[in-house]
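One structure is given below, encoded as structure tokens.
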Amino acid sequence: MVKDLFERIQNNKGPLGKWASQAEGYFVFPKLEGELGPRMQFKGKNILNWSLNDYLGLANHPEVRKADTDAAIQYGAAYPMGARMMSGHTKYHEQLEEELAAFVMKESAYLLNFGYQGMVSTIDALVTKNDVIVYDVDAHACIIDGVRLHMGKRFTYRHNDVESMEKNLQRATKLATETGGGILFITEGVFGMRGQQGKLKEIVEMKKRYNFRLLVDDAHGFGTLGKTGAGAGEEQGVQDEIDVYFSTFAKSMANIGAFIAADKDIIDYLKYNLRSQMFAKALPMIQTIGSLKRLELLRESSEIKDKLWVNVNALQSGLREKGFNIGDTNTCITPVYLEGSIPEAMIMVNDLRENYGIFLSIVVYPVIPKGMILLRMIPTASHTIADIDETLTAFEAIREKLVNGTYKEIADRTTVDVS
């Protein structure tokens with residue numbers, strides 16, 4: 001007997017979906033309103049927002065807003081129509097690709113409509129069933145989903161663990177020798193949850209012993225790391241050794257879109273084999289022209305990145321001085337690790353939002369070990385020292401309530417009101 005396809009969906013909402021009735025609209029799918037920035041509105045209250053990836057504060061930069069507006073007035077939202085290969089190609093797309101390639105120190109670049117689908121499709125295009133993929137176990141979901149499309153073998157290594165990397169490169173080398181294929185090694189420039197840089201320098205060093213190509217997802221490093229902002233590879237002095245460089249516009253560029261950069265022959269191949277772009281509408285002119293302005297500001301306004309790092313250093317040093325565990329982050333991403341249960345975490349976040357006016361992301365098991373709570377903050381160039389001081393004061397107060405059992409007592413006798 002054939003089952004109803006929807007029976008499984010109706011009976012099993014998934015690991016996150018099963019919490020929808022309790023969490024939706026408050027802990028997940030929250031409605032933040034008002035102009036994007038450190039101060040927004042949440043459920044009718046003003047909040048201090050630490051949960052936007054607008055690292056450089058470009059979303060509301062007057063030159064960016066004008067560029068976006070002018071492009072919308074001149075071209076509308078539809079232009080160009082059709083896929084680039086057939087009818088959606090313009091000189092502005094080419095100009096943006098040339099400038100992006102130069103910025104990240106590569107020969108050539110290719111625009112992608114979205115970061116997620118772009119990474120999935122890039123992995124799919126780079127490998128055949130005879131090739132072997134080696135990737136970090138903590139890789140972003142877009143990498144994991146790209147690897148899932150791979151019809152050949154793949155190996156994961158322990159997160160940022162050089163010994164595990166080498167062990168799996170040895171396994172991949174043996175297998176690729178048998179299949180007649182090659183090896184694609186994938187890591188991230190910055191791991192978005194805990195804020196560690198990928199060990200690019202150590203990975204590049206292994207190229208002397210193993211024959212592989214390196215793909216780096218530098219979504220959080222682009223614009224924030226390196227002398228010029230070219231990312232984690234520049235920061236670690238190995239940008240030239242990254243074979244395929246990927247970044248999204250959704251972080252430092254405060255826009256929609258993404259790009260890949262590599263040697264010209266590799267980009268030429270991907271242009272004609274990247275299915276997510278070949279069969280999709282071209283990136284609209286609003287995003288294309290708007291990104292040209294954003295990239296100009298990245299190149300020419302170093303004070304924006306400097307202001308970002310003033311805030312990052314003030315926040316992270318303040319947390320450390322007050323005894324908070326922020327792990328081994330060496331990027332803008334600022335995680336705060338506390339000990340507590342999921343119910344305690346929910347009460348804590350409710351308290352932060354309702355009584356201290358602070359909004360941030362919360363991460364619990366199974367993303368991190370049981371008994372741990374991760375509060376994840378994204379400082380930006382738009383934040384102020386006053387914002388940081390306010391947050392540090394609030395964090396001391398909530399830690400005290402966690403330690404003295406206040407949150408546990410509330411969690412034991414009530415549920416969080418998210419109405």
Side-chain donor or acceptor of Asp218 paired with backbone N/O of Ser247 under 3.5 Å: no
Short N-O contact, Lys227 and Glu234, less than 4.0 angstrom: no
Heavy-atom pair with the smallest gap, counting every atom of Asp136 and Arg158: OD2-O, 4.4 Å
Flag, side chain of Glu97 to backbone of Leu111, donor-acceptor distance under 3.5 Å: yes
Residues Thr334, Leu319; criterion side chain to side chain contact (heavy atoms under 4.5 Å, CB included); working and verdict: CA-CA 10 Å; Thr334 305; Leu319 287 164; 3.6 Å; yes
Any pair counted as side-chain hydrogen bond (donor to acceptor under 3.5 Å, both in side chains), so long as it reaches residues 190-206, sequence neighbours left out: Asp138-Arg194, His159-Gln196, Gln196-Asp328, Gln197-Gln236, Glu205-Lys208
Residue pairs fulfilling side-chain hydrogen bond (donor to acceptor under 3.5 Å, both in side chains) with at least one residue in residues 372-382, sequence neighbours excluded: Thr380-His383
Closest heavy-atom pair and its distance - Ile183, Ala176: CG1-CB, 4.1 Å
Within 45° cone of Phe324 ring axis and under 6.0 Å: Arg399 NZ or CZ: yes
Donor-acceptor pair between Tyr245 and Gln239 side chains, under 3.5 angstrom: no
Arg39 and Asp387 ion-paired at < 4.0 Å: yes
Pair Ser291, Asn255: side-chain N/O donor-acceptor within cut-off below 3.5 Å: yes
Note: Arg294-Asp68 ion pair, threshold 4.0 Å (strictly below): yes
Glu400 and Thr406, any side-chain heavy atoms less than 4.5 Å apart: no
Listed once per pair and sorted, the salt bridge (charged side-chain N to carboxylate O under 4.0 Å, His left out) pairs that draw on residues 334-353, sequence neighbours left out: Asp351-Lys401
Short side-chain to backbone donor-acceptor contact, Asp263 and Ile266, under 3.5 Å: no
Any Trp50 side-chain heavy atom under 4.5 Å of Ile388 side chain: yes
Tyr157 vs Leu169 side-chain heavy atoms within contact, under 4.5 Å: no
Full working for side chain to side chain contact (heavy atoms under 4.5 Å, CB included) between Val364 and Met372: CA-CA 7 Å; Val364 294; Met372 294 293 295; over 6 Å; no
Side chains of Ser51 and Ser361, donor plus acceptor under 3.5 Å: yes
Sidechain-backbone polar pair: Thr331 side chain, Val190 backbone, donor-acceptor under 3.5 Å: no
Glu33/Lys43 salt bridge by N-O under 4.0 Å criterion: no
